[in-house]
Amino acid sequence: MLTLYNTQSKRKSAFHPLDARNVRVYVCGPTVYDDIHIGNARPMVVFDVLVRVLRRLYPRVTYARNITDIDDKIIARANKNNESTAELSQRMVVRFHEQMDALGVLPPDKEPLATHHIDAMIALIATLLEKKHAYVAEGHVLFHVPSMPSYGALSQRKREAMLAGARVDVAPYKKDPFDFVLWKPSHKDMPAWPSPWGKGRPGWHIECSAMSNACLGTPFDIHGGGIDLLFPHHENEVAQSCCAFNCTNMAQVWLHNGYIVMNDEKMSKSLGNDVRLCHLLATYPPQTLRYFLLSAHYRQPTPWQEKALKDATRALDTLYEAQARLAAVAPLKDTPDSDTPDSDASISDIQHALADDLNTPLALAHLHRHAKTITKNVTGAPLRAAVRAFRDAQDLLGLVTLSAEDWFQSNTSTTTESIDETFIRSMITQREEARRAKDFQKADELRDTLYQQGIILEDTPQGVQWKRRR
RNA sequence: GGCGCGAUGGCAGAGUGGUUAUGCAGCGGACUGCAAAUCCGUGUACGCCGGUUCGAUUCCGACUCGCGCCUCCA
């Protein structure tokens, strides 16, 4: 059984799909005007784990994650760069895909682009106008919030309370301060699409209503995104979708991840305190970043600090040490479960932890305990459980997916440049000769030389192993 | 101003009404020619004040502090 914390009900409850034959998930993807930062990467990794768990539990899952390739930030950046919005967004999409791939984020089943769904948006807006939930004013089409009595139900805000905030944009053409734009006119330097209301472009929220409906139908099971999207973005999506498609809710479960926090402050590009994923990927192994993002519960605000990546790397070292030993005694791919399939005992504690609202820190704690049983050479049932746990770590968490050799010798590292493997081998051979001759001084000099170049030697019963120093 | 979230050992981070995860770091030991890796041992933490209870870090209330949303935002 899977339980999830629903932002709307503010509690954990058992997940029951609307259609168990096809579980449908939608996650708000990136706006491709610039490289993403580590905080942006969090929902990508977290909901990747969610989808992996859902695939374990249900025969079919349809996962849609959109790309916003038209919006005011993209327009502004493209103009600044002297390129078209299409050129800019396509370039950023390529980079985004490369980075997701590096992080082990599996591609979604559907990845709709906003610019490919303009027709659907226009149709949706027309429906809202027809149903008197929207109106035209000065070239804009606006959603009329008072036309929807239940507006605010998702984020549980009261109209009066929000008005008191006095931070609501009150454009003169709005009938109500909360009305929001569905369609807006484009000016000279802006991309524009023809519509019944003149040439223009969509508002921010409409794309998700149109694309989730196109990809999944409405309502669907799970809608995810960062907590900052709860209001107004998701609230407005609900308004659009429910009013257009006649349903009481757009998605039955709403999941929101917390922020990565920089010095007690939300990490964001507008605050200028963001750490780019591409920079981190140039310095740290991708598995380290993934481990970091899964080492805290997804709903908790999580402090950013460079040290955390060092810790994550060391923790992965421990896991890969165990994995190397496991590979020697019980290859993951070839070891069948000896426990009864489908019995409760055959479900790993990793899976149990993840099924409880994606408790990834607990899952990692379990994994470390299994690693310990492996390095302690325990056999029998505990070893079988460890094999299962490591398999689930790969399949569900997307961790420990490399060979130990690749992990320890990969050259994405803070301290090493690329180095000649032939040279390492020859140094190892020379050192072995010196050791056989009991010339330990020379042997240690050779080892030190390699150490200076970022290579650590280990004398194991199976022979000399080398690792990169981190 | 409104609404919401959080406060756990050096750092990170789960969890639980009573037996106190996990990782990283530290310290002592074993192993090793010396190391590395590994193993063994080692740290009685839960913001403050009340209340409920035989017993609270865990439940309730007040307080303090921090953060977030109400505007673009993962």
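Bear in mind the structure is a predicted one, so any value in this text is a computation, not a measurement. Throughout, protein chains are lettered first and strands after them, A, B, ... in sequence-line order, and every chain is numbered starting at 1.
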Asks: Name the closest nucleotide to the D264(A) side chain, picking from A14(B), A74(B), C67(B).
Replies: C67(B)

Asks: Measure CD1/I374(A) against P/A37(B) and give the value in whole Å, please.
Replies: 19 Å

Asks: Ion pair present between R95(A) and D35(A), side-chain N to carboxylate O less than 4.0 angstrom?
Replies: yes

Asks: With a 3.5 Å limit on both atom pairs, tell me what U16(B) is paired to, counting Watson-Crick and G-U wobble, or say none.
Replies: none

Asks: Heavy atoms from C-beta onward define the side chain here; which of A37(B), C40(B), G4(B) lies closest to that of K10(A)?
Replies: G4(B)

Asks: Suppose you measure atom P in A36(B) against the same atom in C24(B); what distance do you get, rounded to whole Å?
Replies: 16 Å

Asks: Indicate, with a heavy-atom threshold strictly under 4.0 Å, whether L457(A) touches base, sugar-phosphate, or nothing.
Replies: base

Asks: Give a yes/no verdict on a cation-pi contact between R469(A) and Y451(A), requiring under 6.0 Å between NZ or CZ and the six-membered ring centre and an angle within 45° of the axis.
Replies: yes

Asks: I need the NE2-P distance between H234(A) and C70(B), as an integer number of Å.
Replies: 13 Å

Asks: Name the nucleic acid region contacted by H233(A), choosing base, sugar-phosphate or nothing; use a 4.0 angstrom heavy-atom cut-off, strictly under.
Replies: nothing

Asks: Is the shortest side-chain N to carboxylate O distance from E306(A) to K310(A) below 4.0 Å?
Replies: no

Asks: In whole angstrom, give the distance that lies between atom CG of L50(A) and atom C1' of A74(B).
Replies: 16 Å

Asks: Which part of the nucleic acid does T302(A) contact within heavy-atom distance under 4.0 Å: base, sugar-phosphate only, or nothing?
Replies: sugar-phosphate

Asks: Find the distance L450(A):CG to A35(B):P and express it as a whole number of Å.
Replies: 19 Å

Asks: Both distances below 3.5 Å, Watson-Crick or wobble geometry, any strand: find the nucleotide opposite U38(B).
Replies: A30(B)

Asks: Is R447(A) paired with D444(A) through a side-chain N to carboxylate O contact shorter than 4.0 Å?
Replies: yes

Asks: Just name whichever nucleotide pairs with G1(B), Watson-Crick or G-U, keeping both distances under 3.5 Å, else none.
Replies: C70(B)

Asks: Just to confirm, is there a sub-4.0 Å distance from OP1 or OP2 of A37(B) to any side-chain nitrogen or oxygen of Q465(A)?
Replies: no

Asks: Could you tell me how far apart R65(A) (CZ) and A74(B) (C1') are, to the nearest whole angstrom?
Replies: 12 Å

Asks: Under the 3.5 Å rule, do the base of G33(B) and the side chain of D444(A) count as making a donor-acceptor pair?
Replies: yes

Asks: Out of C34(B), A14(B), A74(B), which nucleotide sits closest to the side chain of N359(A)?
Replies: A14(B)

Asks: Heavy atoms only, 4.0 Å cut-off, all strands: where does I260(A) land among base, sugar-phosphate and nothing?
Replies: base

Asks: How is A296(A) classified with respect to the nucleic acid when contacts are heavy atoms under 4.0 Å: base, sugar-phosphate, or nothing?
Replies: sugar-phosphate

Asks: Pick the C1' atom in U58(B) and in G47(B), then give their distance to the nearest Å.
Replies: 15 Å

Asks: Strictly below 4.0 Å, N to O, side chains only: are K266(A) and D274(A) in salt-bridge contact?
Replies: no

Asks: In Watson-Crick or G-U wobble terms, both distances under 3.5 Å, what is the partner of C65(B)?
Replies: G6(B)

Asks: Could you tell me the separation between the NZ atom of K442(A) and the C1' atom of C34(B), rounded to a whole number of Å?
Replies: 18 Å

Asks: Who does C46(B) pair with, Watson-Crick or G-U, both distances under 3.5 Å?
Replies: none

Asks: I'd like the P distance from C59(B) over to G18(B), given in whole Å.
Replies: 11 Å

Asks: Taking N and O atoms by type only, does the side chain of R157(A) place a donor or acceptor under 3.5 Å from a partner on the base of G4(B)?
Replies: no

Asks: On a whole-Å scale, what distance lies between the C1' atoms belonging to C46(B) and A56(B)?
Replies: 11 Å

Asks: Can you check the D356(A) CG to U16(B) C1' distance for me, whole Å?
Replies: 13 Å

Asks: Any salt bridge between D349(A) and R388(A), counting N to O under 4.0 Å?
Replies: no

Asks: Shorter than 3.5 Å, N or O on both sides, protein versus nucleotides 23-26 of chain B: list them out with atom names.
Replies:
{"unit_1": "C24(B)", "atom_1": "OP1", "unit_2": "T318(A)", "atom_2": "OG1", "d": "2.6"}
{"unit_1": "C24(B)", "atom_1": "O2'", "unit_2": "D311(A)", "atom_2": "OD1", "d": "2.5"}
{"unit_1": "A25(B)", "atom_1": "OP1", "unit_2": "R314(A)", "atom_2": "NE", "d": "3.0"}

Asks: Any salt bridge between R201(A) and D71(A), counting N to O under 4.0 Å?
Replies: no

Asks: Considering only the P atoms, how many Å lie between G66(B) and C54(B), rounded to the nearest integer?
Replies: 38 Å

Asks: Can you tell me the base-pairing partner of A21(B)? Count Watson-Crick or G-U wobble geometry only, both distances below 3.5 Å, and say none if there is no partner.
Replies: none

Asks: With P as the reference atom in both, quote the distance from A45(B) to A21(B) in angstrom, rounded to an integer.
Replies: 12 Å

Asks: Determine the Euclidean distance between corresponding P atoms of A12(B) and A25(B); express it in Å to zero decimal places.
Replies: 16 Å

Asks: Could you check whether the side chain of R447(A) and the base of A35(B) have a donor-acceptor pair of N or O atoms closer than 3.5 Å, going by distance alone?
Replies: yes

Asks: Could K467(A) and E321(A) be called an ion pair, given the rule that one side-chain N must be under 4.0 Å from one carboxylate O?
Replies: yes

Asks: Which residues pass the ring pair (Phe, Tyr, Trp, His ring centres under 6.0 Å) test with W407(A), not counting sequence neighbours?
Replies: Y320(A)

Asks: Go through A36(B), G68(B), C72(B) for me and flag the one nearest to the Y259(A) side chain.
Replies: G68(B)

Asks: Tell me every residue that passes ring pair (Phe, Tyr, Trp, His ring centres under 6.0 Å) with F180(A), counting only those two or more places apart in sequence or in another chain.
Replies: F143(A), H205(A)

Asks: Picking from U38(B), A35(B), A74(B), which would you name as closest to the side chain of D459(A)?
Replies: A35(B)

Asks: Could you check M267(A) against P301(A) and say which one's nearest nucleotide on RNA chain B is further toward the 5' end?
Replies: P301(A)

Asks: Without decimals, in angstroms, what is the distance between W254(A) CH2 and A74(B) P?
Replies: 16 Å

Asks: Taking for each residue the nucleotide of RNA chain B with the nearest heavy atom, is it Y5(A) or Y298(A) whose nucleotide lies nearer the 5' end?
Replies: Y5(A)

Asks: Does a nitrogen or oxygen in the side chain of T375(A) sit under 4.0 Å from OP1 or OP2 of C39(B)?
Replies: yes

Asks: Is it the case that R299(A) places NZ or CZ above or below the six-membered ring of Y5(A), under 6.0 angstrom from the centre and within 45 degrees of the axis?
Replies: yes

Asks: Taking atom C1' in both G50(B) and U64(B), what distance in whole Å separates the two?
Replies: 14 Å

Asks: Counting side-chain heavy atoms from C-beta on, which of A37(B), G6(B), G33(B) comes nearest to R431(A)?
Replies: G33(B)

Asks: So if I take every side-chain heavy atom of F231(A) and compare against A74(B), A14(B), C69(B), which nucleotide ends up nearest?
Replies: C69(B)

